[in-house]
Amino acid sequence: MKIIQPTLATKRSLYGVLFVAPWLFGFIFLFAIPLYESFVYSLSELKLAIGGFETTFKGLAYYKELFTVHPTFNRLLVDSTVEMLLNVPSIVIFSLFAATLLNQKFRGRGIARAIFFLPVLLSASVLSLEMSNGLGDVVSGITGDTNGKAGEMFSMGGKELMFLLMDAGLPLQLIGFIVDFVTQIYQVISKSGVQILIFLAALQSISPSLYEAAKIEGTTGYEAFWKITFPMISPMLLTNIVYTIIDSFTNNKLNKLIMDTAFQSLNFSQSAAMAWVYFAMTSLILVVAVGLISRKVFYHD
């Protein structure tokens with residue numbers, strides 16, 4: 001009896017299935033049932049009763065309430081999305097730049113890599129928040145903001161940059177955007193540690209022979225980056241974009257609103273509806289981002 005040997009493509013497919021098997025089993029046995037129950041709760045009125053709880057079907061009433069009655073949900077949803085659209089390019093570009101520098105050979109390279117990963121462990125966002133709040137009074141007095149929100153945009157160095165841009169005659173709205181973008185460096189660094197490691201792994205997987213052959217042909221460093229480095233790490237670029245989008249949605253004011261609605265207001269049905277709207281928004285952004293970027297990804301076989 002002749003034994004049919006599996007092809008290379010079949011072997012790779014089996015390896016892929018084995019790789020995702022732990023997540024798949026975890027999703028089926030630990031996550032699928034709570035996910036289904038939370039969707040049921042979002043369509044029902046949940047009331048605590050003796051020995052458990054009771055549900056009364058309400059349809060899309062809680063979803064309608066979120067968009068038409070709730071005072072803050074729409075604003076926080078938009079703010080979270082806009083913040084994600086601003087932060088993701090900054091974090092990914094900075095991570096690629098830092099990984100490219102850290103991939104060079106120099107003394108103390110290991111220590112430098114550890115320093116860039118420390119904010120992930122030490123949470124530098126707390127430091128950024130304290131620095132931002134310290135300039136709140138100055139910013140509010142200049143821009144006329146009386147609710148203190150403008151001060152949240154500025155951190156160390158923001159005051160000097162703000163006055164410099166004002167002397168240049170730029171409008172206040174543009175100044176606010178520029179200073180907000182520049183002074184996010186603390187948040188960018190604190191959220192770039194994992195992305196830097198992923199980019200480093202991708203850079204170190206590129207064969208040196210490609211650069212040697214390009215150098216013999218007279219390729220400049222700029223051309224080598226865009227013709228060799230960037231295409232070879234493009235799969236990890238897509239991975240980092242997906243990771244950064246998800247990470248940006250895991251720690252913001254909307255998440256806090258969802259948890260407070262469930263565990264402080266004890267309105268579990270409305271909290272479930274918020275979570276599902278948030279999940280749908282995140283999924284839509286991921287589908288669009290992956291659909292647009294995956295067309296340009298180069299997979300080296």
Side-chain angles (χ1 to χ4, degrees), residues 72-102 115-133 135-136 139 149-158 161-162 165 173-200 202 233-234 236-259 275 277-294:
T72 59
F73 178 78
N74 290 332
R75 177 177 59 82
L76 291 179
L77 181 63
V78 173
D79 289 347
S80 300
T81 304
V82 172
E83 182 180 1
M84 182 276 301
L85 294 176
L86 293 176
N87 288 342
V88 169
S90 303
I91 293 172
V92 173
I93 293 174
F94 173 79
S95 301
L96 178 58
F97 175 75
T100 303
L101 293 180
L102 295 175
I115 291 174
F116 273 94
F117 193 71
L118 277 179
V120 179
L121 304 177
L122 301 180
S123 185
S125 59
V126 176
L127 176 63
S128 175
L129 181 61
E130 291 298 326
M131 292 180 174
S132 300
N133 292 337
L135 293 173
V139 177
K149 292 183 179 179
E152 297 178 0
M153 298 191 304
F154 301 93
S155 60
M156 182 175 293
L161 178 59
M162 179 180 61
L165 296 177
Q173 292 80 2
L174 182 59
I175 292 175
F177 175 80
I178 294 175
V179 177
D180 181 33
F181 186 81
V182 172
T183 55
Q184 289 293 325
I185 186 64
Y186 301 104
Q187 183 178 0
V188 169
I189 293 176
S190 67
K191 294 187 176 181
S192 299
V194 175
Q195 292 88 329
I196 291 174
L197 289 180
I198 294 175
F199 277 134
L200 270 174
I233 67 172
S234 58
M236 294 299 101
L237 177 65
L238 177 60
T239 301
N240 273 338
I241 289 176
V242 172
Y243 174 84
T244 308
I245 290 175
I246 296 175
D247 185 58
S248 66
F249 278 120
T250 57
N251 186 18
N252 52 38
K253 293 181 180 179
L254 185 55
N255 265 327
K256 186 176 184 303
L257 175 64
I258 294 173
M259 290 188 292
V277 172
Y278 200 25
F279 174 75
M281 176 62 71
T282 307
S283 301
L284 177 62
I285 294 175
L286 285 174
V287 169
V288 173
V290 172
L292 293 177
I293 299 173
S294 60

Please find the pair of heavy atoms, one from [X] and one from [Y], that lie closest to each other, and give the distance.
| X | Y | answer |
| --- | --- | --- |
| K191 | I91 | O-CG2, 3.7 Å |
| S80 | F249 | O-CE2, 4.2 Å |
| A99 | F199 | CB-CB, 3.5 Å |
| S248 | M84 | OG-CG, 3.0 Å |
| L96 | I233 | CD1-CD1, 3.3 Å |

Could you state the interatomic distance from [atom1] ([X]) to [atom2] ([Y]), rounded to the nearest 0.5 Å?
| X | Y | atom1 | atom2 | value |
| --- | --- | --- | --- | --- |
| M236 | L200 | CE | CG | 13.0 Å |
| F97 | L102 | CZ | CG | 9.5 Å |
| I293 | I241 | CD1 | CD1 | 3.0 Å |
| I198 | S192 | CD1 | OG | 11.5 Å |
| L85 | I245 | CG | CD1 | 8.5 Å |

Inset, instruction - Would you mind reporting whether L254 and F73 have side-chain heavy atoms less than 4.5 Å apart? - result: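 In short, these two side chains touch, coming nearer than 4.5 Å.
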Legend entry - Y278: side-chain hydrogen bond (donor to acceptor under 3.5 Å, both in side chains) partners, not counting sequence neighbours: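 side-chain hydrogen bond (donor to acceptor under 3.5 Å, both in side chains) check on Y278 returns N252.
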Inset, instruction - Please list, chain by chain and in numerical order, all residues satisfying side-chain hydrogen bond (donor to acceptor under 3.5 Å, both in side chains) with N74, sequence neighbours excluded. - result: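 Not a single residue meets the side-chain hydrogen bond (donor to acceptor under 3.5 Å, both in side chains) criterion with N74.
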Legend entry - M281 and its side chain to side chain contact (heavy atoms under 4.5 Å, CB included) partner, picked from V78, L286, L77: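 When V78, L286, L77 are each tested with M281, the side chain to side chain contact (heavy atoms under 4.5 Å, CB included) holds only for L77.
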